[in-house]
Amino acid sequence: MIQSVRGTKDILPDAISNWHLIEDVFRNISTLFGYEELRTPIFEKTEVFSRSIGETTDIVNKEMYTFTDRSGESLTLRPEMTAAIARSILQNSLLDAGTSLRIWYFGPLFRYERPQKGRFRQFYQYGAECIGSPNPESDAEVIFLAHQLFKSSGIGNYKLLINSLGSDENRLAYRNVLIKYFTSVKSKLSEDSLFRLENNPLRILDSKDEQDRYVIASAPQIIECLNPESKNHFDSVLSNLDASSIDYEISPRLVRGLDYYNHTVFEFQHSSLGAQDSFGGGGRYNGLFSQLGGKPTPAIGFALGVERMLLILENNQTEKQATNKTDVYIVTHTHAQSQFAQILANKLRGRNLKITTDLNRRSVKSQMREANRLGAKYTVIIGENEVLSGNYMIKNMSNGEQVECELDRIMEYEFNIF
RNA sequence: GCGGGCUUAGCUCAGUCGGUAGAGUACCAGAUUGUGGCUCUGGGUGUCGCGGGUUCAAAUCCCGUAGCUCGCCCCA
């Protein structure tokens with residue numbers, strides 16, 4: 001049997017209703033906040049990602065699906081969206097100076113990783129980007145948006161962690177302070193963290209290793225390296241959140257993986273997710289547009305892992321409520337009535353009723369059973385007698401009552417499908 | 001890239017000491033000759049992941065391999 005590619009999965013009809021629910025929330029709430037949808041291709045020139053995400057990150061180093069096309073150009077299935085969105089904004093000149101551009105997106109991303117709970121090689125993200133404002137109210141706005149998305153889709157009990165990396169200079173200064181500190185306690189670090197010390201020392205702060213955590217506890221914090229403007233910006237973001245009663249936890253060790261982040265960074269965590277407890281995250285990326293060849297443009301955004309959101313939802317849903325897949329099931333006694341059944345079905349569909357007919361020429365009993373299984377509120381029963389008399393049986397499936405109805409009047413029959 | 005667990009019917013799983021596979025559920029048929037649910041009766045629908053080895057005999061023991069899953073790394 002041919003199987004789907006490792007780390008990819010089919011979204012089966014049984015699971016689709018939660019996807020629809022969450023996609024509706026994405027569209028409706030984003031619109032309420034004045035965000036417009038932007039769809040970009042699922043592959044880009046490789047440099048879109050290699051120039052923005054960071055050469056030392058695992059995403060660029062070992063997780064990209066990169067290939068050369070027939071013209072010899074290096075292309076990559078998008079491993080994240082922000083860089084692609086920025087590319088599109090620059091290419092299409094969507095940004096007017098002095099105003100804000102509000103964009104949201106939804107779609108599949110691709111990373112070559114070992115799959116585990118809440119992690120796939122093809123996975124979906126929703127994201128929102130607020131471009132053009134350096135001010136703390138835009139930081140707050142995107143967090144309000146995320147908050148409302150969770151509220152509307154029924155996700156509660158999550159934790160918002162927030163931190164500031166400061167300006168690029170602050171970040172660099174902190175990096176040096178950290179290298180100095182961790183080098184001094186090198187002997188106590190785990191093997192992984194020794195590697196991080198060479199490549200991405202900030203990430204040591206995120207280590208899950210017990211011993212590392214002990215060392216990390218007394219590491220210098222980035223707050224100490226922030227200049228006054230950065231500190232002001234951060235404080236102001238927090239006060240905006242306070243004013244709107246958004247709960248958060250300042251997490252001095254939150255650094256996030258992508259190189260383009262500066263100033264505010266944040267992450268949403270939920271305890272029901274297993275090892276990957278983060279189901280969304282974002283931050284400010286004032287340097288990204290210039291890295292991609294545009295004018296320096298302040299921006300902030302976040303992304304949500306849709307499969308992880310669905311995991312949270314499924315955890316909350318104790319029982320799946322049976323959805324009725326059809327309103328009226330048309331039962332035919334023999335195959336001879338199937339044309340009549342289909343004519344009737346199409347007429348009733350014109351009344352916006354969900355109609356199912358039998359396609360397998362099964363017994364009346366089987367058809368009734370299926371009608372029941374599909375949650376049909378009514379069956380219309382057609383047999384030889386009905387064809388001769390021009391009358392049809394309409395059976396109410398919840399109380400078993402049957403009435404005879406003339407063909408001409410079946411279009412007026414009041415089906416109570418609620 | 002590394003480590004643990006798992007793989008038997010459509011699904012969830014049992015299978016003892018090696019003796020050629022079973023339960024629940026789903027499904028189909030009948031009881032009810034034109035009518036669902038509830039009940040009863042009957043029906044097994046299988047490449048025991050795959051390949052090799054040991055053996056008179058392998059779902060079971062050994063070796064290899066693939067897939068799934070959870071974790072590490074990293075990230076949504």
Side-chain angles (χ1 to χ4, degrees), chain A residues 1-9 12 14 53-54 56-64 79-82 106-127 146 190-193 195-196 199-200 203-204 206-209 212 255-258 266-270 273-282 301-312 322 329 331-334 337 360 362-387 392-402:
Chain A
M1 199 196 330
I2 300 178
Q3 296 193 316
S4 59
V5 175
R6 166 182 289 224
T8 68
K9 62 170 188 177
L12 301 177
D14 263 1
I53 299 173
T56 65
T57 60
D58 275 15
I59 293 181
V60 170
N61 275 328
K62 56 179 200 184
E63 294 177 1
M64 294 206 303
E80 70 109 37
M81 280 292 283
T82 304
F106 169 79
L109 307 181
F110 306 85
R111 290 181 200 170
Y112 187 84
E113 295 185 277
R114 284 290 289 270
Q116 62 189 77
K117 186 171 186 178
R119 165 178 301 163
F120 309 96
R121 289 185 175 180
Q122 174 175 341
F123 62 102
Y124 287 76
Q125 280 190 356
Y126 162 94
S190 68
E191 204 179 317
D192 281 334
S193 285
F195 181 76
R196 293 184 185 110
N199 293 285
N200 196 345
R203 291 228 61 92
I204 298 176
D206 254 357
S207 173
K208 289 176 184 172
D209 187 276
D212 283 352
V255 292
R256 310 227 14 102
L258 280 45
F266 54 95
E267 188 167 302
F268 301 99
Q269 294 185 351
H270 200 282
L273 287 173
Q276 278 69 236
D277 56 0
S278 156
F279 64 101
F302 66 92
L304 307 177
V306 176
E307 285 86 354
R308 292 184 187 179
M309 288 180 71
L310 291 170
L311 272 179
I312 298 170
Y329 191 105
V331 174
T332 46
H333 179 43
T334 70
Q337 293 91 43
N360 296 316
R362 289 176 300 175
S363 67
V364 171
K365 187 197 194 87
S366 282
Q367 294 179 53
M368 290 301 292
R369 207 175 273 162
E370 182 172 40
N372 194 54
R373 196 172 44 235
L374 295 177
K377 298 290 186 298
Y378 292 88
T379 47
V380 172
I381 300 164
I382 307 175
E384 276 176 63
N385 297 342
E386 284 80 1
V387 173
Y392 296 80
M393 284 295 190
I394 298 175
K395 178 167 185 170
N396 181 325
M397 294 296 275
S398 50
N399 59 20
E401 281 170 16
Q402 275 184 202

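All values below were derived from every heavy atom in this structure, side-chain atoms included, with hydrogens, water molecules and symmetry-related copies excluded. Chain identifiers are assigned alphabetically (A, B, ...) following the order of the sequence lines, protein sequences preceding nucleic acid strands; residue numbering begins at 1 within each chain.
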Distance in angstrom units between A:Phe120 CZ and B:rA76 P, rounded: 15 Å
A:Arg373 side chain, from C-beta outward: closest of B:rU35, B:rC28, B:rC70: B:rC28
A:Gln122 CD to B:rA76 C1', straight-line distance once rounded to whole Å: 14 Å
Sugar-phosphate only, base, or nothing, as touched by A:Asp206 at under 4.0 Å among non-hydrogen atoms: nothing
Nucleic acid footprint by protein, nucleotides 38-43 of chain B - heavy-atom cut-off 4.0 Å, B for base, S for sugar-phosphate alone: ------
Separation of atom CE in A:Met393 from atom P in B:rG34, rounded to whole Å: 13 Å
Value in whole Å for how far the P atom of B:rA76 lies from CE of A:Met81: 14 Å
Below 4.0 Å: OP1/OP2 of B:rA66 and any side-chain N or O of A:Arg6: no
Backbone of A:Gln367 reached by a side-chain donor or acceptor of A:Arg362 within 3.5 Å: no
No-hydrogen, no-angle side-chain donor-acceptor test under 3.5 Å, A:Glu370 and A:Tyr329: yes
Sugar-phosphate, base or nothing in reach of A:Gly400, heavy atoms under 4.0 Å: base
Flag side-chain contact, heavy atom, 4.5 Å: A:Asp206 against A:Arg196: no
Sugar-phosphate only, base, or nothing, as touched by A:Ser398 at under 4.0 Å among non-hydrogen atoms: base
Sugar-phosphate only, base, or nothing, as touched by A:Lys395 at under 4.0 Å among non-hydrogen atoms: base
Sugar-phosphate, base or nothing in reach of A:Glu80, heavy atoms under 4.0 Å: nothing
Touch class at under 4.0 angstrom, heavy-atom based, for A:Glu113 against every strand present: base
hbond_proxy A:Gln3 side chain to B:rG49 base (donor-acceptor, 3.5 Å cutoff): no
Pair pattern of RNA chain B in dot-bracket, where unpaired bases get dots and | marks partners in another strand, Watson-Crick or G-U under 3.5 angstrom: (((((((..((((.....[..)))).(((((.......))))).....(((((..]....))))))))))))....
Sugar-phosphate, base or nothing in reach of A:Ser363, heavy atoms under 4.0 Å: sugar-phosphate
Out of B:rG34, B:rC73, B:rC28, whichever nucleotide has its closest atom nearest the side chain of A:Ile381: B:rG34
Contact under 4.0 Å: A:Arg369 side-chain N or O vs B:rC27 OP1/OP2: no
Nucleotide of B:rA76, B:rC73, B:rG71 approaching A:Arg114 most closely (side-chain heavy atoms): B:rG71
5' priority, RNA chain B, between A:Lys117 and A:Val306 [closest heavy atom]: A:Lys117
Separation of atom CD in A:Gln116 from atom P in B:rC75, rounded to whole Å: 13 Å
Nearest-Å distance for atom pair CZ/C1', residues A:Arg256 and B:rC75: 8 Å
Per-pair stack call A:Phe279 and B:rA76, 5.5 Å, 30°: no
Any residue meeting ring pair (Phe, Tyr, Trp, His ring centres under 6.0 Å) with A:Phe120, in chain and number order, not counting sequence neighbours: none
Sugar-phosphate, base or nothing in reach of A:Gln269, heavy atoms under 4.0 Å: nothing
Proximal nucleotide (of B:rC28, B:rG34, B:rG67) relative to the A:Arg362 side chain: B:rC28
A:Asp277 vs A:Val5, nearer the 5' end of RNA chain B by closest nucleotide: A:Val5
